[in-house]
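Counting starts at 1 for both ligands and their atoms, in listed order. Owing to the predicted nature of the structure, the values given are computational and were not obtained by experimental measurement.
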Amino acid sequence: MLKPTGTTFEEAAAVPLAALSALQGLRDKGGIKPGQKVLINGASGGVGTFAVQIAKSFGAEVTGVCSTRNLDTARSIGADHVIDYTQEDFTNNGQRYDLILAANGYHPISAYKRALSPKGIYVMVGGSMAQMFQAILLGPGISLTGSKNLGFLSARPNREDLVFMKKLLEAGHVVPVIDRSYPLSEVAEALRYLEEGHARGKVVITV
Ligand SMILES: NC(=O)c1ccc[n+]([C@@H]2O[C@H](COP(=O)([O-])OP(=O)(O)OC[C@H]3O[C@@H](n4cnc5c(N)ncnc54)[C@H](OP(=O)(O)O)[C@@H]3O)[C@@H](O)[C@H]2O)c1
């Protein structure tokens, strides 16, 4: 499809997988609604920076979880509240959320369940392998035993959702956060950086 008007090629390249994962997690799996309390765990990464902005565009009250050095980034993209995971465990602070999207980190699925409001939804998009397996293997069973719903998202690339994102980008509701751009000759270095797990937004290759 056509590149959104007003975005650079680097910004446009950052969108497809990360933004569609965030969109499908929040809207399709999470059923996000205006006014809901939504928490994004891993708010400062590639998926998380899109998730915060998309959740805001749906009218949610958004809490972003990241480390100290990324708190300002989370605020700058619209998070209403920020939690520093090095200082506070959001699954133990007494707050309850209507929707939790896990883009990074690890908490046992029982802790996510505890942090949900009575009909809350937990969507696991990324993070540790243990977090993924718990969501896939235990999520469906736990969801059957009460009013909360816990599960895993497998993002599906499709044109319709790219069109949806194009509109959000052109309206300025979502702005891709680019941490670093690398030339094609430095792909290996770019992947090494990404694999450290602390990118602030997306890492882009320029061709
Ligand atoms: N399910 C799907 O279809 C799908 C699609 C796309 C991606 N994914 C997965 O989604 C995950 C996220 O991808 P991504 O591109 O967003 O990753 P990323 O950009 O590499 O994530 C880096 C970010 O994660 C934060 N982070 C690291 N440890 C954390 C913790 N314990 N708690 C909270 N935040 C933490 C880092 O912040 P600090 O530096 O502040 O720690 C950093 O800003 C990956 O596991 C990826 O494989 C899944």
Side-chain angles (χ1 to χ4, degrees), residues 10-11 13-30 38-55 62-79 81-93 97 99-109 111-112 115 121-137 139 150-158 161-162 165 174 176-182 187 189-205:
E10 281 80 4
E11 288 171 338
V15 171
L17 182 61
L20 263 52
S21 302
L23 174 65
Q24 291 170 16
L26 292 166
R27 183 196 61 190
D28 304 343
K29 280 267 179 189
V38 174
L39 180 135
I40 313 294
N41 191 24
S44 53
V47 174
T49 48
F50 280 111
V52 169
Q53 297 180 77
I54 292 170
V62 178
T63 300
V65 180
C66 53
S67 72
T68 318
R69 71 184 192 100
N70 288 321
L71 295 175
D72 285 344
T73 299
R75 283 193 197 97
S76 73
I77 55 174
H81 316 281
V82 291
I83 294 177
D84 181 347
Y85 68 76
T86 68
Q87 304 294 322
E88 183 180 340
D89 178 354
F90 75 86
T91 67
N92 260 328
N93 66 4
Y97 299 93
L99 171 58
I100 297 177
L101 185 118
N104 225 315
Y106 171 77
H107 288 280
I109 196 164
Y112 281 114
I121 298 178
Y122 160 66
V123 183
M124 194 278 171
V125 175
S128 75
M129 291 301 272
Q131 182 156 284
M132 184 174 83
F133 283 124
Q134 287 177 19
I136 293 172
L137 299 175
L150 296 88
F152 173 76
L153 172 89
S154 184
R156 286 179 304 106
N158 67 81
D161 286 350
L162 283 178
M165 282 312 306
V174 172
V177 178
I178 310 279
D179 181 353
R180 296 183 184 180
S181 297
Y182 289 83
V187 166
E189 183 50 41
L191 288 174
R192 263 194 293 274
Y193 176 62
L194 196 61
E195 283 175 358
E196 287 170 11
H198 295 287
R200 186 182 282 149
K202 291 293 291 181
V203 175
V204 174
I205 308 298

Atom 37 (O) of ligand 1: the protein heavy-atom neighbour that sits closest, reported with distance to 0.1 Å: S44 OG, 3.1 Å

Sub-4.0 Å heavy-atom approach of G197 to ligand 1: yes

Can you list the ligand 1 atoms lying under 4.0 Å from a non-hydrogen atom of S154? 3 (O)

Starting from atom 16 (O) of ligand 1, locate the nearest protein heavy atom and write down its residue, its atom name and how far away it is, to 0.1 Å. V47 N, 2.7 Å

Counting heavy atoms only, which of C66, A14, A199, G46 comes nearest to atom 19 (O) of ligand 1? G46

Closest approach of any protein heavy atom to atom 41 (O) of ligand 1, naming residue and atom: Y85 OH, 2.3 Å

If we number the atoms of ligand 1 from 1 as shown, the ones under 4.0 Å from a heavy atom of R69 are 39 (O)

Check whether any N or O atom of R200, backbone or side chain, sits under 3.5 Å from an N or O atom of ligand 1, and answer yes or no. no

Is the closest protein non-hydrogen atom to atom 47 (O) of ligand 1 under 4.0 Å? no

Hey, are the side chains of R200 and R69 touching, using non-hydrogen atoms and a 4.5 Å cut-off? yes

Using heavy-atom distances only, which candidate in G105, A18, S67, G126 approaches atom 10 (O) of ligand 1 most closely? G126

Quick look: N70 vs ligand 1, heavy-atom contacts under 4.0 Å, and the answer is side chain

Evaluate the side-chain proximity of V15 to E11: yes if any heavy-atom separation is below 4.5 Å, no if none is. no

Contact check, side chains of L162 and L20, non-hydrogen atoms, under 4.5 Å: yes

Taking side chain to side chain contact (heavy atoms under 4.5 Å, CB included) as the test, write out the residues that go with E189, two or more places apart. Y182, E186, R192

For G126 and Q131, the nearest pair of non-hydrogen atoms, with its separation, is O-NE2, 3.1 Å

Are the side chains of L39 and N41 in contact, using a 4.5 Å heavy-atom criterion? yes

In terms of its nearest heavy atom to atom 45 (O) of ligand 1, the top option of G127, S21, A74 is G127

Tell me the protein heavy atom at minimum distance from atom 1 (N) of ligand 1, and give that distance in Å. L153 O, 2.8 Å

What residue and heavy atom of the protein are closest to atom 39 (O) of ligand 1, and at what distance? H198 ND1, 2.8 Å

Out of V125, L17, T68, whose heavy atom is nearest to atom 8 (N) of ligand 1? V125

Just so I know, are the side chains of Y85 and H107 near enough to count as touching, which here means a heavy-atom distance under 4.5 Å? no

Can you tell if the side chain of C66 reaches within under 4.5 Å of the side chain of L71, non-hydrogen atoms only? yes

Nearest-contact summary for atom 3 (O) of ligand 1 - protein heavy atom, Å: A155 N, 2.8 Å

For the side chain of K29 and the backbone of F152, is there at least one donor-acceptor N/O pair under 3.5 Å apart? yes

Test applied, side-chain hydrogen bond (donor to acceptor under 3.5 Å, both in side chains); reference residue, S44; option that passes from T49, D179, N70: N70

Using every non-hydrogen atom in the two residues, find where N104 and G42 come nearest and quote the distance to one decimal. CB-CA, 3.9 Å

Answer side chain, backbone, both or neither: which part of K202 comes under 4.0 Å from ligand 1, heavy atoms only. neither

Using a 4.5 Å cut-off on heavy atoms from C-beta on, say whether the side chain of I40 contacts that of L26. yes

Going by the atom numbers of ligand 1, which of them fall below 4.0 Å from some non-hydrogen atom of N41? 32 (N), 33 (C)

Below 4.5 Å, heavy atoms only, C-beta onward: do L99 and V123 meet side chain to side chain? yes

Heavy-atom proximity to atom 18 (P) of ligand 1, best of T49, V123, V203, N104: N104

When you measure from atom 12 (C) of ligand 1 to every protein heavy atom, which one gives the shortest distance, and what is it? A103 O, 2.9 Å

Please identify which atoms of ligand 1 are closer than 4.0 Å to at least one heavy atom of G42. 33 (C), 34 (N)

